[in-house]
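Heads up: the structure comes next, in structure tokens.
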Amino acid sequence: MGTTIVIGAQWGDEGKGKTVDLLAGKMDLVVRYQGGANAGHTVVLDDSTHILHLLPAGVLSPRCANIIGNGCVVDPGGLISEIDDLERRGVSVQPNRLTVSSQAHVVTPVHKFMDHAFHRHIGTTGRGIGPCYTDKVQRTGIRVETLIGDVFEEAYRKHHEHYRRVAAQFDADEFPDLDTSMGELGDAARQLEPYVGDTARLLHSALERDDSILYEGAQGTLLDVDHGTYPFVTSSNTTIGSAFTGGGVYISFDRRIGIVKAYSTRVGEGPFPTEQQNVIGATLRERGGEFGATTGRPRRCGWIDLVLLRQAQILNGFNYIVLTKLDCLSGFEHVLAAVEYDSEGKPVYKKLEGWEEDITGMTSFDDLPHNCRGYVEFIEEILGVPVGMLSTGPARAHTIWRNDL
Ligand code: IMP
């Protein structure tokens with residue numbers, strides 16, 4: 001199947017989990033290359049729902065190997081719990097199926113504390129992501145190789161002491177206890193050690209073998225630390241360039257898939273031009289079950305924004321779009337799509353006719369109501385990219401394939 005990358009084209013929560021899961025069944029290897037447990041990829045499989053936070057979605061496909069690359073940030077205890085949880089449900093995630101980069105950075109209990117204490121105005125997930133990437137960039141971080149090595153205790157004491165002093169200046173209480181947090185990390189490290197390896201080398205070998213490889217992006221383009229709605233962004237690059245640094249090898253992607261939800265959502269703070277703080281937004285939230293997979297927070301909802309999606313297209317060079325949650329738009333008299341902004345920065349909408357019919361579970365494009373097809377074709381026309389897959393419900397079977405994806 002060659003090489004594929006899947007990237008969220010909006011503010012995350014586009015429904016990447018289902019797409020990645022569907023494609024992973026055809027892959028030899030799935031790679032996470034940025035972000036951490038702030039992601040929440042929901043996959044519905046045999047009537048049970050799995051929410052993966054850091055594990056690549058390939059863990060749910062038995063023949064697939066998986067990599068957590070150097071660009072990711074790893075919460076060791078969280079990762080072990082995710083593995084244990086899947087093992088309890090009968091999904092094997094032994095070290096022969098998962099390799100964690102020795103160069104990935106470790107999220108510590110101190111990072112989570114700092115996130116809660118100092119980053120909540122952004123509306124972060126509280127998973128310690130920003131503070132961990134901060135330490136990485138200021139060259140004070142703890143990498144996985146240190147976590148499992150001899151000097152971990154020394155490194156952790158230094159890290160703990162530094163942030164204890166910072167927190168003390170701000171009256172922040174409940175700072176993690178040194179011995180307890182170090183003990184927890186030490187326990188997780190022992191369980192993680194068999195999974196640790198040189199992931200760039202593994203990727204290089206997989207490419208030489210011509211394996212089918214899928215890169216699984218987390219969050220979304222508009223949360224990119226450089227290209228997103230700064231400062232209301234995550235702390236990693238979520239756009240395509242991150243695949244090279246965060247995986248460690250150059251790779252030419254045959255399929256560059258942008259995941260687009262049929263409407264827009266956002267969790268956390270920050271600009272959202274097409275947000276509908278009214279009955280339309282409430283209806284979308286209810287129909288789409290728009291509550292954060294990681295935090296449970298209600299998501300802000302609104303119409304699709306084709307101006308921002310064109311920007312996402314420019315940044316990532318998508319050659320396919322996957323359109324998700326189309327079924328949630330049934331029943332609106334009109335469906336709106338932002339096509340430009342006026343001189344005050346307000347969205348200008350194209351008003352399209354809606355459709356009444358419930359399309360849940362449909363598998364053929366030709367069976368969709370006329371106006372629904374019109375909506376899909378309008379998106380294709382504005383973005384100049386074919387829609388290769390449409391999702392008409394959460395299950396694997398609720399899918400329409402098109403354009404040879
Ligand atoms: P952080 O990544 O936890 O630092 O959060 C920064 C911003 O990104 C906040 O607005 C979060 O709600 C948002 N965010 C982080 N991860 C995700 C995700 O997987 N889906 C949607 N939003 C996310």
Side-chain angles (χ1 to χ4, degrees), residues 6-21 32-43 50-57 68 71-75 78 82 105 107-137 141 216-239 242 246 258-261 263-272 275 284-285 288-302 305 308 312 324-325:
V6 166
I7 292 179
Q10 294 149 313
W11 283 285
D13 307 318
E14 297 91 353
K16 292 181 289 294
K18 172 175 165 175
T19 310
V20 171
D21 172 57
R32 275 281 310 264
Y33 54 92
Q34 48 78 220
N38 47 348
H41 291 176
T42 307
V43 180
H50 301 271
I51 299 179
L52 303 172
H53 294 290
L54 183 56
L55 283 173
I68 296 176
C72 293
V73 290
V74 177
D75 168 359
E82 259 189 79
H105 276 251
V107 179
T108 69
V110 171
H111 288 141
K112 289 192 225 171
F113 169 86
M114 296 300 289
D115 197 1
H116 278 281
F118 300 112
H119 295 247
R120 289 323 284 261
H121 60 287
I122 304 286
T124 70
T125 58
R127 297 296 172 102
I129 306 301
C132 183
Y133 277 114
T134 302
D135 263 341
K136 170 177 172 170
V137 174
E216 176 184 5
Q219 291 82 49
T221 297
L222 304 172
L223 289 173
D224 184 288
V225 66
D226 285 289
H227 302 289
T229 45
Y230 191 87
F232 300 99
V233 291
T234 191
S235 296
S236 64
N237 286 108
T238 56
T239 44
S242 187
I259 312 289
V260 175
K261 184 147 53 181
Y263 49 95
S264 305
T265 61
R266 166 161 212 171
V267 277
E269 302 305 315
F272 182 176
E275 182 172 15
L284 289 170
R285 186 174 309 114
E290 296 295 352
F291 297 88
T294 299
T295 59
R297 287 179 288 175
R299 295 178 184 143
R300 301 156 64 192
C301 297
D305 189 331
L308 292 180
T324 65
K325 292 198 159 180

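Whatever order the structure lists ligands and atoms in, that order sets their numbers, starting from 1. These numbers come from the heavy atoms of this one structure, side chains and all, not from hydrogens, waters or symmetry mates.
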Is S235 in contact with ligand 1, taking contact as a heavy-atom separation below 4.0 Å?
no
Ligand-residue contact atoms, ligand 1 with L223, heavy atoms, under 4.0 Å
8 (O), 13 (C), 14 (N), 22 (N), 23 (C)
Test item: R266 side-chain N/O and Q10 main-chain N/O as donor-acceptor pair under 3.5 Å:
no
Would you say G12 has any N or O atom under 3.5 Å from an N or O of ligand 1, going by distance alone?
no
Please list, in number order, the atoms of ligand 1 under 4.0 Å from a heavy atom of Q219.
15 (C), 16 (N), 17 (C), 18 (C), 19 (O)
Donor-acceptor contact present, side-chain R300 to main-chain S264, <3.5 Å:
no
Heavy-atom donor-acceptor pair, K16 side chain to V6 backbone, under 3.5 Å
no
Might you work through the side-chain hydrogen bond (donor to acceptor under 3.5 Å, both in side chains) test for D224 and T239, ending with a clear yes or no?
CA-CA 6 Å; D224 184 288; T239 44; 2.6 Å; yes
Consider ligand 1: state whether an atom of it lies below 4.0 angstrom from any non-hydrogen atom of W11.
yes
Write out the residue and atom name of the closest protein heavy atom to atom 6 (C) of ligand 1, then the distance separating them to 0.1 Å.
V233 O, 3.3 Å
The complete set of salt bridge (charged side-chain N to carboxylate O under 4.0 Å, His left out) pairs with one or both residues in residues 108-117, sequence neighbours excluded, reads D75-K112
Closest heavy-atom pair, A9 versus V260, reported as atoms and distance to 0.1 Å, is CB-CG2, 3.8 Å
Geometric N/O contact R266 with ligand 1, under 3.5 angstrom:
no
Which of the atoms in ligand 1, numbered in the order shown and given with their element, are less than 4.0 Å from a heavy-atom of G268?
10 (O)
Just jot down the ligand 1 atoms closer than 4.0 angstrom to any heavy atom of I122, in number order.
10 (O)
Measure from the side-chain N and O atoms of H111 to the backbone N and O of T108, and report whether any donor-acceptor pair falls under 3.5 Å.
yes
Assess whether atom OH of Y230 is packed by more than 12 heavy atoms of other residues, nucleotides or ligands within 6.0 Å.
no
Is there at least one pair of N or O atoms, one from R297 and one from ligand 1, spaced under 3.5 Å apart?
yes
Within residues 123-136 or reaching into it, pairs that qualify as salt bridge (charged side-chain N to carboxylate O under 4.0 Å, His left out) - sequence neighbours excluded:
none
Heavy-atom donor-acceptor pair, S242 side chain to N237 backbone, under 3.5 Å
yes
Identity and distance of the protein heavy atom lying nearest atom 20 (N) of ligand 1:
D13 OD1, 3.1 Å
Return the residue, atom name and 0.1 Å-rounded distance of the protein heavy atom closest to atom 2 (O) of ligand 1.
T234 OG1, 2.6 Å
Quick one: sort the W11 and F272 rings into parallel, tilted or perpendicular, breaks at 30° and 60°.
tilted
Would D115 count as a contact residue for ligand 1, given that I'm defining contact as a non-hydrogen atom of the residue lying under 4.0 Å from a ligand atom?
no
Tell me, which protein residue and heavy-atom name are nearest atom 5 (O) of ligand 1, and how many Å apart are they?
T124 CA, 3.3 Å
Please write down residue, atom name and distance for the protein heavy atom closest to atom 3 (O) of ligand 1.
T125 OG1, 2.6 Å
Quick test: of every protein heavy atom, which one is nearest to atom 10 (O) of ligand 1, and how far off is it to 0.1 Å?
V267 O, 3.3 Å
With a 4.0 Å cut-off on heavy atoms, is G123 touching ligand 1?
yes
